[in-house]
Amino acid sequence: MDDYRTVADAVAADIAAGRLRPGDRLAPQRAFARRHGIANSTAIRVYAELARRGLVVGEVGRGTFVRAAPPADGPALAEPAPQRIDLELNHPVAEGQSQLLAPGLAALQRPDVLGAALRPLTAAGTPAAREAFAELLARGGPRPDPGRLLFAGNGRQAIAAALAALVPPGGRLAVDALTYPVVKALAARLGISLVPVPSDEHGMLPAALAELHRAAPLHALYTQPTLHNPLGVTMPDDRRAELAVALGRLGLHAVEDAVWGFLAADAPPPLAAYAPDRVVLVDSLSKRLAPGLTVGVAVTPRELSAPVSAALRSAGTAASGFALAVACRWIADGTVDAVVAAKRRDAAARARIAAERLAGFSVTADPRACFCWWRLPGPWRADTFVAAAARQGIAVTPAAAFAAGRGGAPHAVRIGLASPSPQVLGDALDVLARIARGGPEDNCAD
């Protein structure tokens with residue numbers, strides 16, 4: 001068998017069938033040549049052909065490895081659309097981040113280190129994890145007391161535990177009138193009633209919060225002071241201070257969701273810095289690093305440490321030791337800082353694309369954020385616009401997904417910017433702009 005393409009096809013078939021899996025090491029080229037009865041020069045051409053097809057990657061000094069399949073970049077923007085361009089979910093992935101993350105795993109290949117990382121943990125994690133995450137959180141504000149940190153499998157689980165600790169079934173949770181959809185789902189599961197609080201261009205209004213509490217007592221508050229999802233608003237320093245004073249005066253605790261805060265390096269300190277005894281600060285690594293790395297952290301007031309820990313324990317949602325061990329190494333060796341810097345650049349570039357392609361429309365966006373809020377021109381309604389976009393293979397999120405109250409949601413959509421490639425993002429936004437400039441009657445299904 002002297003046709004190198006035929007041999008490469010056979011190896012490619014093994015990869016496609018799963019007989020060779022991502023990360024598997026191919027035999028050294030000389031051994032491969034002997035096994036297949038081919039010349040060494042032919043084996044070299046086989047490996048080059050596999051690399052050209054994107055099926056393997058060579059690492060100097062280590063060998064050749066089967067490569068993970070790259071994700072599909074997205075469909076062509078024409079009807080019918082066989083695939084969907086996802087402008088709903090936001091999974092920011094910086095270019096080259098896997099190369100940045102890979103070296104941190106090397107130490108975990110030692111059996112003793114790996115064995116320690118695979119031990120079960122409580123919500124308190126490990127001393128090393130508490131110190132590492134306290135240092136990480138200090139990059140956005142004052143360094144929290146490591147003894148106040150608890151760990152969950154992801155940020156959503158940390159939020160759920162905090163809400164379960166603060167709000168009894170049937171209780172009332174204050175939220176922004178437009179809030180994180182996951183909190184809506186968690187409230188429904190926990191039997192919590194959401195109470196929308198009016199806001200202005202600077203965020204939630206403390207006076208409105210106080211008025212609602214006087215009308216019928218609230219149990220807690222959920223808020224996103226930095227890069228509010230979906231509006232992109234960042235609460236200024238004086239509003240945070242005013243809200244902190246209101247929490248103390250009303251005797252309320254707040255759950256502060258800071259998962260997008262890493263993109264806003266110049267934002268004011270978190271609300272927890274103004275009221276550390278009143279605020280549970282929740283953050284995670286899924287946006288900072290990768291969606292597949294799910295570690296959530298909650299910085300709790302001392303009096304809430306036990307109930308939040310109990311909620312995590314009863315739900316079985318404490319963080320895994322392996323994820324914490326990897327995260328500690330990435331924090332310590334500067335990998336997290338490097339990935340965050342790359343994601344900030346990427347988010348800013350995507351925000352510029354959105355500003356250019358949606359110019360002339362009523363769009364609210366922070367130039368640092370991975371999403372924007374689009375108030376649709378008349379006579380568009382959010383549901384009809386979402387349907388028209390879907391017919392072009394583009395998924396966007398209607399305002400109703402974020403609305404906390406029973407009143408009608410605004411005629412708006414949230415556009416997620418992080419998931420597709422920049423080229424596909426720009427093309428998709430062009431299509432959405434073209435849809436918006438027409439009317440619903442111009443975009444009816446055939």
Side-chain angles (χ1 to χ4, degrees), residues 90 123-125 129-130 132-134 136-167 173-176 179-187 189-190 192 203-204 219-229 234-235 240 243-244 247 252-264 267 269-289 291 293-313 315 317-319 323-324 327:
N90 264 318
R130 292 193 294 274
F133 275 81
L136 178 65
L137 295 174
R139 291 160 200 175
R143 189 178 193 272
D145 176 1
R148 295 170 51 206
L149 269 62
L150 298 173
F151 298 98
N154 56 44
R156 296 180 181 188
Q157 292 169 354
I159 292 170
L163 295 181
L166 288 170
V167 187
L173 175 69
V175 296
D176 289 289
T179 193
Y180 182 31
V182 167
V183 169
K184 294 174 59 178
L186 290 173
R189 179 166 63 83
L190 295 170
I192 294 171
M204 183 177 289
H219 290 88
L221 162 70
Y222 167 83
T223 185
Q224 298 170 306
T226 303
L227 296 183
H228 174 278
N229 179 18
T234 292
M235 191 180 289
R240 295 179 193 229
L243 184 56
L247 291 173
L252 289 175
H253 286 97
V255 179
E256 178 179 10
D257 185 342
V259 297
W260 285 112
F262 73 94
L263 288 176
L271 181 64
Y274 300 80
D277 295 330
R278 287 286 164 190
V279 178
V280 179
L281 174 68
V282 174
D283 209 331
S284 81
L285 291 184
S286 61
K287 305 296 187 188
R288 262 190 179 90
L289 291 182
L293 180 73
T294 55
V295 175
V297 58
V299 184
T300 63
R302 294 243 177 240
E303 65 184 277
L304 293 178
S305 179
V308 174
S309 180
L312 289 168
R313 183 172 60 252
T317 53
L324 281 180

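The basis for the numbers below is simple: all heavy atoms, side chains too, and nothing from hydrogens, waters or symmetry mates.
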Notebook entry, point to check: At their closest point, which heavy atom of Ala244 faces which heavy atom of Tyr274, and how far apart are they?
Noted result: CB-CB, 3.6 Å
Check: Where the side chain of Arg313 meets the backbone of Ala123, is there a donor-acceptor pair that is under 3.5 Å apart?
Finding: no
Note to self: Minimum heavy-atom separation for Arg278 and Leu252, please, with both atom names.
What the structure shows: CD-O, 3.0 Å
Check: Got Met235 and Leu243 here, is their nearest side-chain heavy-atom distance under 4.5 Å?
Finding: yes
Checklist line | Backbone N/O of Leu227 and side chain of Thr234: donor-acceptor pair under 3.5 Å | finding: yes
Margin query: Once rounded to the nearest 0.5 Å, what's the spacing between atom OG1 of Thr223 and atom CG of Asp257?
Written below: 9.0 Å
Notebook entry, point to check: Do Leu304 and Val280 come within less than 4.5 Å of each other through their side chains, counting heavy atoms only?
Noted result: yes
Notebook entry, point to check: About how many Å separate NE2 of His253 and CG of Leu247, when rounded to the nearest 0.5 Å?
Noted result: 9.0 Å
Next item on the list: State whether the side chain of Lys287 and the backbone N or O of Leu263 hold a donor-acceptor pair below 3.5 Å, judged by distance alone.
Entry: no
Notebook entry, point to check: Out of curiosity, Lys184 NZ to Ile192 CD1, how far, rounded to the nearest 0.5 Å?
Noted result: 15.0 Å
Next item on the list: State which residues pass salt bridge (charged side-chain N to carboxylate O under 4.0 Å, His left out) with Asp283; sequence neighbours excluded, sorted by chain then number.
Entry: Arg288
Check: What pairs with Arg240 under side-chain hydrogen bond (donor to acceptor under 3.5 Å, both in side chains), at least two apart in sequence or on another chain?
Finding: Thr226
Next item on the list: To the nearest 0.5 angstrom, please state how far the NE2 atom of His228 sits from the OG1 atom of Thr179.
Entry: 5.5 Å
Notebook entry, point to check: What closest approach, in Å, do Gly125 and Leu324 show between heavy atoms, and which atom pair accounts for it?
Noted result: CA-CD1, 3.9 Å
All N/O donor-acceptor pairs, side-chain side in residues 144-163, below 3.5 Å, sequence neighbours left out:
{"from": "Asp145", "atom 1": "OD1", "to": "Gly147", "atom 2": "N", "distance (Å)": "2.9"}
{"from": "Asp145", "atom 1": "OD2", "to": "Arg302", "atom 2": "NH2", "distance (Å)": "2.1"}
{"from": "Arg148", "atom 1": "NE", "to": "Thr300", "atom 2": "O", "distance (Å)": "2.8"}
{"from": "Arg148", "atom 1": "NH2", "to": "Pro276", "atom 2": "O", "distance (Å)": "3.1"}
{"from": "Asn154", "atom 1": "OD1", "to": "Arg156", "atom 2": "N", "distance (Å)": "3.1"}
{"from": "Asn154", "atom 1": "OD1", "to": "Gln157", "atom 2": "N", "distance (Å)": "2.8"}
{"from": "Arg156", "atom 1": "NE", "to": "Tyr180", "atom 2": "OH", "distance (Å)": "3.3"}
{"from": "Gln157", "atom 1": "OE1", "to": "Gly153", "atom 2": "N", "distance (Å)": "2.9"}
{"from": "Gln157", "atom 1": "OE1", "to": "Asn154", "atom 2": "N", "distance (Å)": "3.3"}

Check: Should Leu173 and Val255 count as side-chain neighbours, where that means a heavy-atom distance under 4.5 Å?
Finding: no
Checklist line | Within-4.5 Å side-chain heavy-atom neighbours: Phe262 and Leu289 | finding: no
